[in-house]
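One structure below.
Because the structure is predicted, anything quoted here is derived from the model rather than measured. Every number for a ligand or one of its atoms is a count from 1 in the order of the listing. In this chain, numbering begins with 1 at the start of the sequence shown.
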Amino acid sequence: MRTSKLSRSSLRVLESIVRPSRGAPFRFRGCQRCSSTAVLRPSSSAQKLPLDRRWQQRRGAAAAAAAILEEAQAEPESLAQETIIENLDPQEAARLSKVRNIGIAAHIDSGKTTATERVLFYTGRINAIHEVRGRDAVGAKMDSMELEREKGITIQSAATFCDWLKVENGKEEKYHINLIDTPGHIDFTIEVERALRVLDGAVMILCAVSGVQSQTTTVDRQMKRYNVPRITFVNKMDRMGANPFKAIDQINYKLKIHAAAVQVPVGVEDDFHGVVDLLTMTTLYAEGARGEKIVRKSEIPEEVRALAQERRAKLIETLADVDEEMANMFLDEVEPTDVQLRAAIRRATLSLKFTPVFMGSALADKFVQPMLDGVCDYLPNPSEVENTALDRRQNETPVKLIPYNSLPFVGLAFKLEESPFGQLTYIRVYQGALRKGLYVYNARTDKKIKINRIVRMHSNEMEEVSSVSAGEICAVFGVDCASGDTFTDGQLGYSMTSMFVPEPVISLSIKPKNSKDSANFSKAIARFQREDPTFRVHFDVESEQTIISGMGELHLEVYVERLRREYRVECETGAPQVAYRETMTEKVDFDHLFKKQTGGPGDFARVMGWLEPTGNLDGNSFEEQVVGGSIGEKYLSACDKGFHLACERGPLIGHKVLGLHMVVNDGATHMTDSSDQAFRTATQQAFRQAFVQGSPAVLEPLMKTVVTAPIEFQGNVVGLLNKRNAVIHDTEVGVDEFTVFADCSLGGMFGFSGNLRAATQGKGEFTMEFSRYERAPGQVQKELVQKYLKAQADRSKK
Ligand SMILES: Nc1nc2c(ncn2[C@@H]2O[C@H](COP(=O)(O)OP(=O)(O)OP(=O)(O)O)[C@@H](O)[C@H]2O)c(=O)[nH]1
């Protein structure tokens, strides 16, 4: 029975129906996350009844509930194409059932790249294992960029594919896996965002010592945003202090998704050498030089037998909370078989209510293969994921996309990359096959493009193919488009929604050191902008500088470094720029005469009125209250323009002015010498004079800042924030990490990432987003004014 359409109120109704008037022998337990699954549990009063009467009552209640639940879930027949998937062509069904499109996402340094390297080795895609950080002078396959190998971090997501031979009923079944390894740093979050937009499932990796960390929460949010089912791999089981069960508890309470172990470890830390498979209650050992051979033994070592029993019971109980069939078996006290358990885990994982937890150590070559089996067993194939497009020819009606090769082609370009052979566009094929020579249409621009070259990516290498089936991922050459564009074969007017793009938070000025590099500089900047929607560039007319903006200091640092390495352009970067604002705090009356009458055509304009603060920082406003026609209509609109022009560049430090209201209520006009220009100038001059008399103030942007670090660094981090005049609002102390929530001025936070790294041995992280403008402290204002006056004096000397 599907229960996805049930609301909380339906559950309440059902509860009242099955609850007899004299007491409450049974109660409904709704799923905590989605309120969708009804599980009958004996209430405490019912538990006192003899067992057979309790089951009788339960069956009666459940039957009543089942009838109503079924009625509540009756759904109207949906989209026309749905019938196709119901009568799935057996050949297509067989093909699709063996395809998995998955991503690996996790907090920084959890071991995503190390685990992916093992996946590639065990599936025969690579012949040798190389470690991240280029320790062996080669570096991990998926960190192909020189900078990635040097820094030991993933900057760009990398796609690859492999075939995994999984033993099913004593027979080897071949699964085709398209895999994307994503970066962990928040600065490169767009890479995770676009990968999850097009993937069907994910492996969430946690460190066995650190458990759920700040960036795990971010990727969890992203997986939820795109409804991506996930399995979990607790990595680094060889490390001192490894505790997979603590990590599982954290998934349950921090990420609010039901999680339970499907394995328990044999041996801990250095001695970690096996896992008990809780479904079959057998033990797995890794043999061979790189742990390539998994040996299954029916015997469970004595020292973990009790733990295995306990955790198997926990697995069943957790599944009973999210899966109806398992709930019934649980209440009937029927022990499920491994086949029934596998099916229940699959149902619960696909319905996004549960994540099965595997464990191992990628670096020690231990138990990555069972996790790969888990990808095949529990993550969806392309026909099990609902993907929709909007039909622009039918009033944007949503239509389901069916991953059939025989249907018209629909694909989404999710990533662009410059390669030595031209622009490479990564495409997820949602419907229809993509063939070489096919003409496709860009739904946004309506441009027709011929597909000349299709490749399958293997990190930075590629394999040319003549076609790619529906439901798969590939890359094409020579397609002019933007990230997020939909392609169709022209028969359909479909377009798909793009991914979420976060706003940049930090900017800095940049220019090439040598003017001869300008052309390369522009080329590189244009490319980076095309590839990365979170990297923005604009020319600031006030400072006459090129400003680049991004998700964090590391993000921008990486682009400056790439300019140097890939384009040989050395750049000068300014201190990161703060967008200050100016305002005044007191009302000032003005009466200003602008007069130049020295023979010939002159200038004459007199404006009177007042300038006052509005009390909010939404913008500026102009009002005329002239009676008696001392200034004509035409000149009043010149005054309005003059006021807004003056607000563009404040008198104090040359930044924009906010929160002012100007009223012009009188003045004088000369028969021949008055003009629009004269009134514009008079208003600008009146503004500048009034502004400096009205207790002007500099405003600075305040950033909502969240810092997370291991508890032992709490003192250091708080000290660091205090030094930067942060206002701390709240602190959350977890099991081994703490989080501080503070407001900080943007100017005060520059260079913070370096200081934080030093103060926390590289273990602290922070995120920052704009909150509001606030008056800058007196000293900051004084320094800014002095700097501005000096720059003006220097300019006038030139
Ligand atoms: N002890 C131990 N260390 C590991 C294990 N897996 C990875 N590491 C180490 O952890 C560090 C980070 O590994 P990566 O694979 O780069 O982690 P990542 O999650 O891909 O990193 P980012 O992409 O930069 O977020 C490296 O020094 C690895 O050698 C493991 O199972 N045990």
[X] and [Y] ion-paired at < 4.0 Å:
X: Asp373; Y: Lys166; result: no
X: Arg230; Y: Asp220; result: yes
X: Asp200; Y: Arg100; result: no

Has ligand 1 got any nitrogen or oxygen that is less than 3.5 angstrom from a nitrogen or oxygen of [X]?
X: Ala364; answer: no
X: Gly360; answer: no
X: Lys236; answer: yes
X: Met237; answer: no

Got a sec, which residues hit side chain to side chain donor-acceptor pair (under 3.5 Å) with Arg296, two or more places apart in sequence or on another chain? Asp277, Thr280, Thr282

Can you run down the salt bridge (charged side-chain N to carboxylate O under 4.0 Å, His left out) pairs that involve residues 264-273, sequence neighbours left out, and say none if there aren't any? none

For ligand 1, is any non-hydrogen atom under 4.0 Å from Ile205's backbone (N, CA, C, O), its side chain (CB onward), both, or neither? neither

Relative to the heavy atoms of [X], which atoms of ligand 1 are at a distance of less than 4.0 Å?
X: Arg239; answer: 1 (N)
X: Asp238; answer: 1 (N), 2 (C), 30 (C), 31 (O), 32 (N)
X: Ser361; answer: 30 (C), 31 (O), 32 (N)

Side chain to side chain contact (heavy atoms under 4.5 Å, CB included) assessment of Lys366 paired with Asp238: CA-CA 9 Å; Lys366 301 242 164 66; Asp238 58 315; over 6 Å; no

Can you say whether the rings of Phe535 and Phe528 are parallel (under 30°), tilted (30 to 60°) or perpendicular (over 60°)? perpendicular

Evaluating non-hydrogen atoms only, which member of Asp365, Thr113, Thr114 is closest to atom 28 (C) of ligand 1? Thr114

Heavy-atom nearest neighbour of atom 17 (O) of ligand 1 within options Gly111, Ala106, Ala362: Gly111

